[in-house]
Each structure stands twice: as C-alpha cells, then as structure tokens.
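Both counts, for ligands and for their atoms, begin at 1 and track the order of listing. Along the sequence shown, residues are numbered consecutively beginning with 1. Quick note: numbers below take in every heavy atom, side chains included, and nothing from hydrogens, waters or symmetry partners.
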Amino acid sequence: MSKRIPESELIINPDGSIYHLNLKPEHLASTVIAVGDPERVAKISKYFDSIEYEITKREFVTHTGYYQGKRITVISTGMGTDNIEIFMTELDALVNVDLETRLPKETHTSLDIIRIGTSGSMRQEIPAGSKLASAYGVGLDTLMAFYTTDYTALEEKVGKAIQESLNISFLPYCIQGSGRLLGKLGEGLIIGNTATCPGFFGPQGREVRLKPAIPDIIEKLGAINVDGFQMTNFEMETAGYYAMGRLLGHEVLSLNAIVANRVTQDFASNSYEIVDELIQHTLKKLAE
Ligand code: R1P
Ligand code: URA
C-alpha cells in the first residue's frame with residue numbers, strides 16, 4: 001500500500017495546482033520542452049498552431065499548445081540545477097501522484113523532456129555557433145549527494161576521474177541521457193558530454209574580479225579521457241535533468257546552442273539565431 005504524501009511535503013495551491021509550477025495535470029503535455037530563459041518560451045510557442053494554456057509563476061513560464069498536431073508544453077526553469085530539482089519533482093508529481101488523494105499512482109507515466117539551452121564550448125574544435133546534443137551530463141554540483149541511484153561502471157569512473165583531477169572534496173556525478181531521444185533529435189548535431197556547473201563564473205573558470213579556485217578548470221576537464229569519454233561543453237542544468245530523469249523514470253535530452261568558445265574566447269554574435277535554429281530543428285523532429 002502506498003503512503004499518503006503529507007501537505008508539507010508536496011504543496012498544492014488552493015486552486016489545486018502544484019506549488020511552484022502553478023500547473024494542474026490537465027495543463028501538461030507528455031512532451032515537454034524546457035528552457036532556462038522565460039523569454040525563450042514565447043520564442044518556441046510562436047511556432048505553435050495554437051496555444052491552449054499559459055501561466056507564469058516566478059521563473060516558471062508555461063505555454064501548452066499544438067505544433068503540427070503534436071501537443072507540447074514549453075516551460076522555463078530559470079538557471080541552475082537547484083531549480084531543476086524542483087521542476088522535475090513537480091512535473092513528475094503532476095503525472096505520477098494523484099493530487100487529490102496524495103497517493104502515488106499505481107501506473108507510471110513517463111514524460112519526454114527536452115532542454116533547449118545555451119552553453120559554452122570547452123574544446124577548440126567545437127566553435128561558437130555549433131549545436132550540440134548531450135549524450136551524458138556531468139554534475140559538478142552536489143545534488144546527487146542528496147539522492148541515491150545506480151551508476152554504470154563508466155559513469156562511476158568519470159566521476160572519480162574528475163574528483164581526482166580537480167582535487168575537490170565532493171564526488172561529481174555522471175549520468176547518461178535518453179538514448180531514444182538522442183536518436184530522434186540528435187541527427188545533424190554534434191554529440192557531446194556536458195559539464196554542468198553550479199555557477200557561470202568561477203565554477204566555469206571565468207575570472208571577473210574574483211580569481212577562481214581552479215583557474216585551469218577548462219584545461220583540466222578538457223584533458224580528462226576515460227576510456228574515450230571526453231567532455232565538450234559547460235552549462236548549468238543538464239546533469240540535474242539527467243539525474244532526476246533517471247530517478248523519476250522520465251526520458252530526458254539536453255540540446256545546446258554553443259554561444260561561446262572558452263578556449264578561443266570567441267562569442268557567437270548571432271547567438272539568438274543559433275537558438276532559433278535549434279528550436280526549429282527540435283520542433284520539426286518532434287513532429288515527425
Ligand atoms: C547561463 O547564462 C544560463 O545559460 C545556460 C546555462 O545553463 C544557464 O542557465 O542555459 P539557458 O540558456 O537555458 O539558461
Ligand atoms: N551558459 C553557460 O552556462 N556557460 C556559457 O559559457 C554559455 C552559456
């Protein structure tokens with residue numbers, strides 16, 4: 001018999017919507033596109049045939065509608081894996097918890113969740129302007145100190161190699177994304193492995209007024225090669241998505257518009273166009 005989830009542990013708003021996302025189950029499609037920037041939601045839904053539902057709470061802007069007959073929900077998450085932990089847990093509860101009885105449902109529903117985000121390249125040969133799909137996410141944050149999951153031998157080896165190379169006290173986590181979604185959406189994109197950092201500046205080796213504790217993090221991460229596994233780019237959410245997707249039983253893929261090359265120090269002046277190309281690519285493939 002499943003245990004009733006108390007009011008304090010899963011908060012439901014007075015109108016029956018889930019606390020942070022402000023959504024009810026009927027507002028959510030089984031295919032979800034997630035973006036960091038709230039303004040990017042309308043840049044995707046402008047391609048929809050129709051929008052049936054729109055709501056905003058905090059950084060979570062949601063548009064649900066139809067693209068070439070396919071029902072899709074687009075939601076913004078803001079920045080960082082801490083938001084992704086909230087986002088994925090509440091998204092999952094919308095389909096896998098009966099919000100009235102507060103009991104987990106007997107039958108599991110798996111969502112397809114696709115992140116469309118921006119990212120920086122850590123490899124000279126992946127220039128600004130590229131589009132990349134993440135086979136794996138590598139978390140340089142501590143999210144997975146608070147959840148337990150099984151890792152493959154390769155994933156474990158990568159986490160340990162990074163810990164050793166960066167000489168950090170916590171263990172980074174490496175998690176594979178959805179192979180099925182990679183097969184469906186990855187065509188024509190660079191396939192890479194994405195390092196997810198708990199910050200944009202110091203944790204990605206950027207120096208503005210503060211000197212990062214690991215100033216050569218780009219070189220160090222770029223030099224890691226575990227049985228052919230190498231990292232390609234930096235951002236701030238992918239590993240959190242992949243970890244929560246594995247834990248909760250959802251298929252997740254992260255797609256990245258590479259807007260900066262951190263080795264050559266180039267920035268793509270047409271970054272909005274690259275993001276738009278990635279949006280159109282994703283919608284087209286989802287509708288096929
Ligand atoms: C930092 O500028 C933000 O951009 C990237 C990072 O992951 C971080 O969220 O993604 P988005 O463009 O999706 O926000
Ligand atoms: N987002 C990041 O997190 N890093 C970059 O370099 C570019 C976008």
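- Residues Arg180 and Asp112 are paired through a salt bridge, judged by an N-O separation under 4.0 Å between the basic side chain and the carboxylate.
- Here the CG-NZ distance, from Asn167 to Lys220, works out to 7.5 Å after rounding to the nearest 0.5 Å.
- Taking a cutoff of 4.0 Å between a charged side-chain nitrogen and a carboxylate oxygen, Lys3 and Glu9 do not qualify as a salt bridge.
- Annotation for Asp49: atom CG counts as buried by contact number, over 12 foreign heavy atoms lying within 6.0 Å.
- The side-chain hydrogen bond (donor to acceptor under 3.5 Å, both in side chains) check on Asp92 picks up Asn96, His250, with sequence neighbours excluded.
- At a 4.0 Å heavy-atom cut-off, the residues surrounding ligand 2 are Thr118, Ser119, Gly120, Phe200, Gln204, Arg206, Phe234, Glu235, Met236, Val259, listed by chain and number.
- No path of Ile, Leu, Val, Met, Phe, Trp and Tyr side chains, each step under 4.5 Å between heavy atoms, connects Leu171 with Leu140, placing them in separate hydrophobic clusters.
- Taking a cutoff of 4.0 Å between a charged side-chain nitrogen and a carboxylate oxygen, Glu288 and Lys184 do not qualify as a salt bridge.
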Identify the protein atoms, limited to N or O, that lie within less than 3.5 Å of an N or O atom of ligand 1, and list each pair with its distance to 0.1 Å.
unit_1, atom_1, unit_2, atom_2, d
ligand 1, 4 (O), Thr118, OG1, 3.1
ligand 1, 7 (O), Arg115, NH2, 3.4
ligand 1, 7 (O), Met236, N, 2.9
ligand 1, 7 (O), Glu237, OE1, 2.5
ligand 1, 7 (O), Glu237, OE2, 3.4
ligand 1, 9 (O), Glu237, OE1, 3.4
ligand 1, 9 (O), Glu237, OE2, 2.6
ligand 1, 10 (O), Arg115, NH2, 3.1
ligand 1, 10 (O), Thr118, O, 3.4
ligand 1, 12 (O), Arg40, NH1, 3.3
ligand 1, 12 (O), Arg40, NH2, 2.7
ligand 1, 12 (O), Thr118, N, 3.2
ligand 1, 12 (O), Thr118, OG1, 2.6
ligand 1, 13 (O), Gly36, N, 3.1
ligand 1, 13 (O), Arg40, NH1, 3.0

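- The side-chain hydrogen bond (donor to acceptor under 3.5 Å, both in side chains) test applied to Asn233 returns Ser119, Thr194, not counting sequence neighbours.
- Checking each of Arg115, Glu235, Lys131 against Asn256 for a side-chain hydrogen bond (donor to acceptor under 3.5 Å, both in side chains) leaves exactly one that passes, namely Arg115.
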